[in-house]
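I have placed the structure first, in the form of structure tokens, so that the comments after it can refer back to it.
All values reported here derive from a predicted model rather than from experimental measurement. Note that the numbering runs from 1 along the sequence shown for the chain. As a basis for the values below, the full set of heavy atoms in this structure was taken, side chains included, without hydrogen atoms, waters or symmetry mates.
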Amino acid sequence: TTLRGKWGARGVPLARDYIGHLANPASGGAQVSRTFYARGQPGQQLLLGCYQALCRQIATGTVKMFPYTEMLDLVLVNGQAKGIITRNLRSGKTERHAADAVVLATGGYGNVFYLSTNARGSNVTATYRAYKRGALFANPSFTQIHPTCIPVSGDYQSKLTLMSESLRNDGRVWVPKRKEDRFKPPNEIPDGERDYYLERKYPSYGNLAPRDISSRAAKEVCDEGRGVGPGGRGVYLDFADAIKRLGVETIRERYGNLFDVYKKITNEDAYKMPMRIYPAVHYTMGGLWVDYELMSNLPGLFVIGEANFSDHGANRLGASALMQGLADGYFVLPNTLPNYLAGQRGNRPSPDCPEFEQAEQSVRARVEKLLKVNGTRSPDSFHRELGLLLWDKCGMSRNEQGLREALRKIHELRDEFWHDVRVPGDEEDYNQSLERAGRVADFLEFAELMVTDALGRDESAGAHLRAEH
């Protein structure tokens, strides 16, 4: 059995070549064709496949689903993870869930930067609550910034849109050689006056240079004043040569869905003019520490996928997150979790035991504290300020002075948050402001952990670039 076979069994429509074999495009950071894809959106198709499999289990009664529910604390009984405290996002009711073990599959923390390609609801709360209970957090400063995203277009945005890395198989990345040309329509800039900077700087990789390198290269040319689009924060991804070589129908077959998304967002036709792209936070290599059986240092707490730190180190290649998520869920955990559960028969605690009572009271006290501040600023305003600070000081490039400044400002921002955040409404209700405030409070604490880790790493490694080295 292979991951490829698992994908097919879940109905994921993997692309095939003209004779029916699975197609193998190249991916960033690799000089061999090592990935499978689904017309520029393999991640989304894999999610849909997993959702379908989950829904099937829900329908058969083997899985019970708790929609509109958020984990707010981990419960330890005699040092073992034995349950969680949740809040129903519709009713506001807190609930206790006792178990033999706890598995966290809650994703990454990229939204600490406010703008990212992650789903709007992605947050650090579940893993950070586990950290506060004693779970080790590994490599929090390791954040991947993807080079192929639609640029920021205004302060009103709440997230960014990823344009698949597969586009760099056929698109060529460039900016004008002269600053004064950045305001010209791209089709009016002759080829000799364009800087195909990735091809120039990294000829062996070309436009498929690793993500961290490609992202920093884009930032460099934009910082030089050669960026295009609003605010000069963009570079071109041009398909003119590919269309001339392969024909527009071939490009439409490969990337038509992505071109349609791009047009809906920007109202620009990428078949006729280059796309504008710019780096954005996409993936977090850090996460809760786990052993080879995917269990954290807290017995009974298992962590899978992007929520843990395993596999990637300071960097990762395209498609590796998909590999990790599927390997953890399909191959590793089903063979390690039963070993732990075998020794837990009869040890499940009652949700009425003192440990659950204490954890629920802690959650309620935190909620009440947020509601009582009654300040003047929204949770989003604090989150946006924190995100900009981290992007500038702990983003693509870091240095000691900037990181120390970030630590100081994070302390000030967190203090202001607890004195001036405004959370209208009450606890026992559908209160999105309260939901957001709780997540931002955790982001403000986690940001300090993230920057402290970056400051302690006096070296350059993958996505962690210290300017001093």
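Within the model, atoms CG of Leu162 and CG of Asn118 stand 10.0 Å from one another, a figure rounded to the nearest 0.5 Å. Taking CG of Asn123 as the start and CE of Met71 as the end, the distance is 10.5 Å to the nearest 0.5 Å. Note: Thr127 OG1 to Leu288 CG = 5.5 Å, rounded to the nearest 0.5 Å. To the nearest 0.5 Å, the span separating SG on Cys149 from CE on Met163 amounts to 8.5 Å. Here the straight-line distance linking atom CG of Leu136 with atom CG of Asn297 works out to 3.5 Å at 0.5 Å rounding. One finds the OG1 atom of Thr117 at 11.5 Å from the CD1 atom of Ile150 (value rounded to the nearest 0.5 Å).
In summary, the aromatic rings of Phe302 and Tyr340 are positioned with their centroids under 6.0 Å apart. Ring-centre distance between Phe137 and Phe446: below the 6.0 Å cut-off.
In this structure, Lys409 does not pair ionically with Glu412, as no charged nitrogen and carboxylate oxygen lie closer than 4.0 Å. Looking at Arg133 and Asp73, a side-chain N of the basic residue comes within less than 4.0 Å of a carboxylate O on the acidic one, giving a salt bridge. The pair Arg129-Asp442 meets the salt-bridge criterion, since a charged nitrogen lies less than 4.0 angstrom from a carboxylate oxygen. Classification of Arg233 and Asp223 as a salt-bridged pair holds, one side-chain N sitting under 4.0 Å from a carboxylate O. Salt bridge Lys82/Glu355: absent, no basic N to carboxylate O contact under 4.0 Å. The pair Asp212-Arg216 meets the salt-bridge criterion, since a charged nitrogen lies less than 4.0 angstrom from a carboxylate oxygen. With respect to Asp380 and Arg120, a salt bridge is recorded, a charged nitrogen being found less than 4.0 Å from a carboxylate O. Asp260 and Lys264 are not joined by a salt bridge, as no carboxylate oxygen comes within less than 4.0 angstrom of a charged side-chain nitrogen.
With contacts defined as side-chain heavy-atom distances shorter than 4.5 Å, the pair Gln144/His312 does not qualify. Contact annotation: the side chain of Gln157 approaches that of Val152 to within less than 4.5 Å [non-hydrogen atoms, C-beta and beyond]. Inter-residue side-chain proximity for Asn169 and Tyr255 is flagged as met; some heavy-atom pair is nearer than 4.5 Å. For the pair Val303 and Thr106, the minimum side-chain heavy-atom distance is 4.5 Å or more. Between Leu390 and Ile410, some side-chain heavy-atom pair lies under the 4.5 Å cut-off.
The aromatic rings of His383 and Tyr114 sit perpendicular, their planes meeting at an angle over 60°, well past the 30° parallel limit.
The one candidate from Arg87, Lys93, Arg439 that meets the salt bridge (charged side-chain N to carboxylate O under 4.0 Å, His left out) condition with Glu70 is Arg439.
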### Query
Which is it for Glu400 and Arg466 under the side chain to side chain contact (heavy atoms under 4.5 Å, CB included) test, yes or no, and what are the steps along the way?
CA-CA 8 Å; Glu400 182 178 357; Arg466 283 290 293 265; 3.6 Å; yes

### Query
Hey, mind stepping through Arg366 and Leu72 against side chain to side chain contact (heavy atoms under 4.5 Å, CB included) and telling me if it holds?
CA-CA 10 Å; Arg366 185 177 172 84; Leu72 292 182; over 6 Å; no

### Query
Hey, mind stepping through Phe113 and Thr143 against side chain to side chain contact (heavy atoms under 4.5 Å, CB included) and telling me if it holds?
CA-CA 10 Å; Phe113 288 88; Thr143 305; 3.8 Å; yes

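Not a single donor-acceptor pair under 3.5 Å links the side chain of Asn139 to the backbone N or O of Phe142. A donor-acceptor pair is defined here as one N or O able to donate and one able to accept, closer than 3.5 Å; such a pair exists between the side chain of His469 and the backbone of Asp458.
When the shell of 6.0 Å around CZ of Phe66 is examined, it contains more than 12 heavy atoms from other residues, nucleotides or ligands.
For the pair Arg96 and Phe356, the NZ or CZ position fails the cation-pi test of under 6.0 Å to the six-membered ring centre and within 45 degrees of the ring normal.
Judged purely by distance below 3.5 Å, without hydrogens or angles, the side chains of Thr148 and Glu165 never pair a donor atom with an acceptor atom.
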